[in-house]
Each structure stands twice: as structure tokens, then as C-alpha cells.
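Provided herewith is a single structure, encoded as C-alpha cells, for subsequent inquiry.
Hydrogens, waters and symmetry mates play no part in the numbers below; they use all other heavy atoms, side chains included.
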Amino acid sequence: MQIDSNLGMHLVRATESAALSSGRWMGRGDKNACDQAAVDAMRFALQGVPMNGVVVIGEGEKDDAPMLYTGDRVGTGEGPELDIAVDPVEGTALVAEGRPGAISVVAGAERGALYQWQGIAYMNKIVVGEGAVDMIDINAPVAHNIRRVARALGKKVGDINVVVLDRPRHKDLIREIRETGARISMIMHGDVSAGVMTSVSHPAADILIGIGGAPEAVVKACALKCTGGAIQCKIWPRNDEERRLIVEQGMDIDKVYYTDDLVRSNNVFFAATGITSGGFLDGVEYLSGGARTHSVVMRSLSGTVRYIEAEHRWDKLMQISEIPYEVVEEFNGKGR
């Protein structure tokens, strides 16, 4: 079925709901409670979207966190058939520890469009915005890629900002980047938001390089389809068991996956809402009787990128939602 309307405007309600619910757990040290709150809110919101959706990339696949499972059906059951990728909270540790950069994400495309990884947890990636899509080669040395991206963007190498996940496995990568003279933004979590940051207007970063989640590569590719950016990635097995799995599935460990390999559609939707403020989106602001959220909605077919600041009123929202957004507090008399 042809997707005529911008379903991103429906999907953003799901990311807003997840952000409003999970944001309550900021700094409280409970990753699972934060994730569960987001999953419950997102699932409820997605059920009202006019689509016949199937979750093909579910949150929590690499751990035991609560999740929207791969294979779950979402939407009203009427309307276009879609592949759905979700991450109710990208950066549960960021929320739990009260750190910046956590977002809620949903992406969608026609059924069969999104690549599905089976047993592959991590990939080596390089991501850039539209101005440098023809300048990257994941098989080339890091310095080569940085110099070519700088040239394409009209910058000096020392102006380039490279985003890297702060992990021991990136020790040599970080050394190579430093040797070029480029700047580095180290992040603890937030692979999707860091990748998308390279491709929006006035980007906070120029390149994302390094090893991160395989499902996140597909989610990033959805956003890059909308903004004109690009991703290249290769399978990164962590151990002999994963190497054996790759061989059994007939996969080529040296194969380079491009944006169009990960998302085989030109009608893609991407929505994200900030949970804790970061370089990509501002976080949830809780107000007296409501909250304010900051989101982005993208559609590849039109190339439209919308930034949305929404104000939510608990007295109205609670009449149409089963999600307990408003906190009811009882004073126990302690602390006098």
C-alpha cells in the first residue's frame, strides 16, 4: 500500500510519550525502571498509529532490558504495512545517571525495507552528513577519511569534530584521530543521536567513527535517508562464536554495508524526542501541570526535517491516555 501521509507526525507522539515517561527517572539510578516506563508509553502510543506495523528492530536485544520485541505488531492494523524500528530510550544509563544525550527514537519504512541483523551485535561504522557522502571509505585509514571530509566541508583538519564512543576497544582509533590534529567528542552512549548529529543543519559533529550496535546502524540509516547523509559499516564479531555464526549464515565479514543496503526504501520516517538535553535535542522540561518536549520529525520522500517544541498539559493528556504521566506525591511528614 502506498504511504501517502507523513506518518512521522504520528510516530513522534510515541517518542514524546516515551520521553515524558522515562524522563521521570532521570538521575534516580534505575535503568530498568526508566526503560520499562518508556516501553509502556511507546507501545500504548504506537497502537493508535494508522498502520499495520511490525517491529523488526526491537529495543533491548543486546541485554535483558524490558522491550518491544522483534516481531511485535503495532498500529491500528489498518493502513500501510511498515517495518518499524524502535529504541524507547537510547541511553538508559544516561537517564539513570542524570547525564546528557538520551533520546527516544522510532523509525519506519515499507515492509521489507529495513535490514534485520540475526545474532550480530556490533558493527564498525563511519557516518557523515550530505556534504561529505562521497568522501568516506571505511576500508581507508582514519587520517585519509578525516582529510577528505575536511576538504569537502571547506574546513581545516583541526576544525573537524569526530564523535567516538568512549570504549577500551577504541584506544588505537582515538590515537589515530589525535595524530591528525582533529578534535574528538567522546560519548558514553548515544550511537544513534551522535550519528544523526553529523547530518542535520548546523551539525554539532562532522564524522562519527567506531564500533557500535548493529541495530543502531539501521536506525541511523533511516535518519540519513531523510537528511542526505551516509553510513558505511562492516560486521565486527566480538568472539569466535560470532565469527562462527557469520560463517554459518553465509555472511561476508569483509562486506561493506551502505545506507541503501540498510534501508531499501525512499519513503522513510524518523522521529526522535530528547529525554535529557544533549547536542542533538533538548530534554524534557517538567512544568507546573505539564511538560515541554523537543523533537525532530523527518521524511525522506520530501526531505522535510521538522523540529517540534510541544507543551503537554496533564489535565488534558490524562483524559485520553492510560499512561500515568502526572506524578501524585504524598507527603509523609519526614524532613521537617
Side-chain angles (χ1 to χ4, degrees), residues 8 11-12 14-20 22-23 26 34 38 42 59 85-107 125-132 153 160-166 183-210 212-213 215-231 259 268-285 291-300 303-310:
L11 297 179
V12 74
T15 60
E16 287 175 344
S17 295
L20 289 168
S22 61
M26 187 177 76
C34 159
M42 179 171 283
E59 183 269 346
V86 302
D87 198 343
V89 182
E90 192 209 21
T92 52
L94 298 177
V95 179
E97 297 167 10
R99 299 182 184 276
I103 63 173
S104 179
V105 181
V106 176
K125 314 169 191 175
I126 181 168
V127 180
V128 293
E130 187 173 18
L153 299 180
I160 293 295
N161 182 14
V162 184
V163 182
V164 181
L165 277 168
D166 188 2
R183 301 178 302 141
I184 302 177
S185 291
M186 305 284 286
I187 58 171
M188 292 303 300
H189 305 278
D191 194 15
V192 172
S193 61
V196 177
M197 273 196 310
T198 67
S199 66
V200 295
S201 298
H202 310 294
D206 301 297
I207 318 174
L208 176 134
I209 306 179
E216 286 84 349
V218 180
V219 179
K220 277 199 291 287
C222 289
L224 296 168
K225 275 276 192 170
C226 300
T227 61
I231 180 172
T259 312
V268 183
F269 306 92
F270 178 92
T273 301
I275 303 174
T276 61
S277 293
F280 179 33
L281 293 167
D282 290 337
V284 179
E285 302 171 63
R292 183 180 295 115
T293 55
H294 301 261
S295 306
V296 64
V297 181
M298 305 179 186
R299 186 184 187 186
S300 64
T304 304
V305 177
R306 290 181 173 91
Y307 288 92
I308 299 174
E309 180 177 303

For this session: Kindly determine whether Phe270 and Val196 satisfy side-chain contact (heavy atoms from CB on, under 4.5 Å), including the steps that lead there.
Result: CA-CA 11 Å; Phe270 178 92; Val196 177; 4.1 Å; yes
For this session: Starting at CG of Leu11, measure out to OG of Ser295 and round the result to the nearest 0.5 Å.
Result: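 Spacing of CG (Leu11) from OG (Ser295) equals 11.5 Å.
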For this session: Could you list all the salt bridge (charged side-chain N to carboxylate O under 4.0 Å, His left out) pairs where at least one residue sits in residues 92-105, not counting sequence neighbours?
Result: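 Found Glu97-Arg99.
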Problem set entry | Donor-acceptor under 3.5 Å (Asp166 side chain, Met188 main chain) |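 Looks like no, no N/O pair under 3.5 Å.
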Exercise. Would you say Ser300's side chain and Val268's backbone share a donor-acceptor pair under 3.5 angstrom?
Worked result: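 Between the backbone of Val268 and the side chain of Ser300 there is a qualifying donor-acceptor contact (under 3.5 Å).
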For this session: Quick one: pull up CD1 in Ile209 and CG in Leu165 and give me the separation to the nearest 0.5 Å.
Result: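 Ile209 CD1 to Leu165 CG: 12.0 Å, rounded to 0.5 Å.
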Exercise. Which of these, Val127, Thr198, Ile126, sits in a side chain to side chain contact (heavy atoms under 4.5 Å, CB included) with Ile207?
Worked result: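 Of all the options given, the one that passes is Ile126.
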For this session: Show your working on side-chain contact (heavy atoms from CB on, under 4.5 Å) between Val95 and His189 and close with a plain yes or no.
Result: CA-CA 11 Å; Val95 179; His189 305 278; over 6 Å; no
Exercise. To the nearest 0.5 Å, how far apart are CG in Leu94 and CE in Met26?
Worked result: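 It is 11.5 Å, given to the nearest 0.5 Å.
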For this session: Indicate yes or no: at least one non-hydrogen side-chain atom of Pro100 is less than 4.5 angstrom from one of Ser277.
Result: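 In short, these two side chains do not touch, never coming nearer than 4.5 Å.
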Exercise. Of all heavy-atom pairs between Ser22 and Cys34, which one has the smallest distance, and what is that distance?
Worked result: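 Result for this residue pair: CB-O, 3.5 Å.
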For this session: Nearest 0.5 Å please: distance from the CG atom of Leu281 over to the CE atom of Met197.
Result: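 Nearest 0.5 Å value for the CG-CE distance: 10.0 Å.
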Problem set entry | Side chain Glu16, main chain Thr293, donor-acceptor under 3.5 Å |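 No, Glu16 side chain to Thr293 backbone: no donor-acceptor pair under 3.5 Å.
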For this session: Looking only at non-hydrogen atoms, find the nearest pair between Asp206 and Ile160 and report the distance.
Result: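 Scanning both residues completely, I find the closest heavy atoms to be OD2-CA, 3.3 Å.
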Exercise. Where the side chain of Asp282 meets the backbone of Gly274, is there a donor-acceptor pair that is under 3.5 Å apart?
Worked result: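 Flag not set: sc Asp282 to bb Gly274 has no pair under 3.5 Å.
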For this session: Grab the two heavy atoms, one from Val284 and one from Ala19, that are nearest each other, plus how far apart they are.
Result: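 The pair with the smallest heavy-atom distance is CG2-O, 3.6 Å.
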For this session: Take Phe269 and Val106, measure what side-chain contact (heavy atoms from CB on, under 4.5 Å) needs, and give me the verdict at the end.
Result: CA-CA 8 Å; Phe269 306 92; Val106 176; over 6 Å; no
For this session: State which residues pass salt bridge (Lys or Arg N to Asp or Glu O under 4.0 Å) with Asp191; sequence neighbours excluded, sorted by chain then number.
Result: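 Scan of Asp191 (salt bridge (Lys or Arg N to Asp or Glu O under 4.0 Å), adjacent residues dropped) gives Lys125, Lys220.
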Problem set entry | Which atom of Ile275 lies closest to which atom of Pro88, heavy atoms considered |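 What the structure gives for the nearest pair is CD1-O, 4.1 Å.
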For this session: Locate the shortest heavy-atom distance separating Gly101 from Thr276; write the atom from each residue and the value.
Result: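 Smallest interatomic distance, heavy atoms only, reads N-OG1, 3.2 Å.
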Exercise. Considering residues at least two apart in sequence or located in another chain, which fulfil the salt bridge (Lys or Arg N to Asp or Glu O under 4.0 Å) criterion with Arg292?
Worked result: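 Testing Arg292 for salt bridge (Lys or Arg N to Asp or Glu O under 4.0 Å), a comparison that skips the adjacent residues, returns Glu285, Glu309, Glu311.
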Exercise. Could you give the distance from OG1 (Thr227) to NZ (Lys225), rounded to the nearest 0.5 Å?
Worked result: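 Going from OG1 on Thr227 over to NZ on Lys225, the span is 11.5 Å.
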For this session: Check Gly229 against Ser199 and note the closest heavy-atom contact, atom names and distance.
Result: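 Residues Gly229 and Ser199, closest heavy atoms: CA-CB, 4.3 Å.
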